[in-house]
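Structure, as structure tokens:
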Protein chains: 2
Amino acid sequence: MKKIVTLSMREQIYEALKGLILDNSYGPKTVLAIDRLADEFGVSATPVREALVRLESDGLVELIPNRGAQVTDIREEDVRYIWEMRLLLEPYAARMSLDLVDQLELAPLEADIHRLASMPNDTGLYVSTDIRLHEMLYLHVHNELLKDSIRRIHQMARRIRFFAEHSTNLHEKVINEVIEEHLDIIGAVRSGNPDLVEPALRHHLANGEKRTLSALRLER
Amino acid sequence: MKKIVTLSMREQIYEALKGLILDNSYGPKTVLAIDRLADEFGVSATPVREALVRLESDGLVELIPNRGAQVTDIREEDVRYIWEMRLLLEPYAARMSLDLVDQLELAPLEADIHRLASMPNDTGLYVSTDIRLHEMLYLHVHNELLKDSIRRIHQMARRIRFFAEHSTNLHEKVINEVIEEHLDIIGAVRSGNPDLVEPALRHHLANGEKRTLSALRLER
DNA sequence: CTATGCTATATAATATAGGATATATGATTT
DNA sequence: AAATCATATATCCTATATTATATAGCATAG
């Protein structure tokens with residue numbers, strides 16, 4: 001029987017708030033009043049404040065002493081910084097862990113991507129394949145610090161992505177671009193040659209930055 | 001007149017505890033009992049807990065629900081992971097910000113390093129020159145995410161360094177090695193050529209990892 | 001007689017409620 | 001119009017209550 005893990009209030013509220021911020025239910029600059037949140041969650045102020053302290057460390061919330069908390073803003077330069085980090089970390093991680101990628105993961109992922117090609121309006125499928133592909137390329141690295149760094153950056157990217165997706169309505173043209181790049185990466189992974197994976201991933205990330213920036217500019 | 005910034009209790013305690021952990025006053029596995037700390041700082045439990053939550057995000061403290069907090073342990077593999085991150089991030093940061101390094105910083109730093117050569121037992125001078133040199137190479141990068149990542153890693157490295165220093169008693173031979181590597185880096189920085197800086201820094205970091213690992217093994 | 005499992009107690013973390021404190025806002029005075 | 005003061009609101013901290021975990025003692029089975 002699986003052990004029942006009782007999460008503390010702090011952690012439950014942390015996870016809940018993080019989810020709400022990452023999917024933009026709480027968008028940039030949203031004021032997070034402690035008392036109101038405490039009421040909503042049916043708890044007192046303290047565990048809410050502790051959750052906010054953790055979210056500040058994650059870079060998702062800004063805490064001003066005696067003034068309160070708000071969801072961090074997204075500026076255009078943040079997009080550039082996030083993708084600069086992705087370009088630095090992810091190709092390296094992929095290279096270091098390529099041997100550990102389970103070749104059996106590839107076929108079902110590839111199948112889903114082909115399925116997406118025939119139903120390009122399925123945003124959920126689009127997002128889930130993207131997440132699975134990128135996780136495959138770093139989740140097997142041994143270095144926990146590297147993994148944590150990539151996770152942190154992916155969190156920030158995810159906020160922006162949802163934000164940007166909304167604006168572009170994901171033109172079919174864009175989806176097909178991404179599909180092609182994903183299939184390229186899978187092909188390279190199948191070969192087992194890091195000198196093929198790295199450029200394919202770099203190309204995909206560089207294009208992703210461009211797509212995100214133009215989507216964000218349209219939005220404003 | 002400069003505005004007086006009143007730090008919250010949470011932040012004061014966070015900074016104080018971080019300092020104590022980083023200089024190994026609170027060594028690995030030290031139990032951090034909330035009530036005792038609250039007494040010592042003359043405050044109640046809440047701000048202490050909030051400080052511990054932040055320290056957990058920094059990777060300096062481990063929080064087990066309903067069980068308490070302890071200073072994270074240092075394992076040999078952590079040393080390898082930390083230096084792997086340093087080798088990935090710092091040469092890149094140096095390359096990206098080399099143009100922004102103030103050439104006027106170089107002469108006084110170089111002078112202090114030469115001064116160290118004549119008094120190799122001055123541990124304080126050794127540590128401060130090392131910090132200044134490495135900060136010079138990343139502090140001017142624009143990308144705040146990259147800077148934060150390096151700061152995080154440096155924090156962890158600092159804990160281990162103090163730990164390791166204690167054990168080796170810093171043989172003069174080791175000090176002279178480091179001095180030579182530092183002077184190489186400064187020379188490369190002065191040339192303004194990233195293709196000279198990067199290998200000099202990589203060489204220094206790789207040796208630093210070896211020195212740290214052997215010091216740590218002696219300790220145990 | 002030893003080992004295992006259960007129960008009662010002690011200890012420490014966690015959450016609540018309330019009060020102290022800092023900041024922002026709007027009115028009043030110069 | 002600028003500055004000062006009073007008031008309101010929300011954060012932050014303290015004190016207390018609650019809850020979860022660890023420890024020691026006792027009972028029971030092998």
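In the text below, chain A, chain B and the rest are named by the order of the sequence lines, each starting its count at 1.
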Readout for nucleotides 5-12 of chain D: B = base within 4.0 Å of protein heavy atom, S = sugar-phosphate only, - = neither; 5' to 3' it is ------BB

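Counting to the nearest Å, the P atom of C:dT23 and the CD atom of A:Q70 are 16 Å from each other. A straight line from CZ of A:F41 to C1' of C:dT16 spans 17 Å, rounded to a whole angstrom. When the P atom of C:dA13 is taken as reference, atom CD of A:E11 falls 15 Å away, rounded to whole Å. Taking atom CG of residue B:L52 and atom C1' of nucleotide C:dA12, one finds them 13 Å apart after rounding to whole Å.
B:R67 meets the side chain to side chain donor-acceptor pair (under 3.5 Å) test with no other residue; sequence neighbours excluded. For A:E105, there are no salt bridge (charged side-chain N to carboxylate O under 4.0 Å, His left out) partners at least two apart in sequence or on another chain. A:R54 meets the side chain to side chain contact (heavy atoms under 4.5 Å, CB included) test with A:Y14, B:V53, B:E56, B:S57; sequence neighbours excluded. With sequence neighbours left out, the ring pair (Phe, Tyr, Trp, His ring centres under 6.0 Å) criterion links B:Y138 to B:H154.
Within the 3.5 Å criterion, the main-chain N or O of B:L60 finds a donor-acceptor partner in the side chain of B:T72.
Applying the salt bridge (charged side-chain N to carboxylate O under 4.0 Å, His left out) test to residues at least two apart or on different chains, the pairs with a partner in residues 128-143 of chain A are A:D112-A:R132, A:D130-A:R161.
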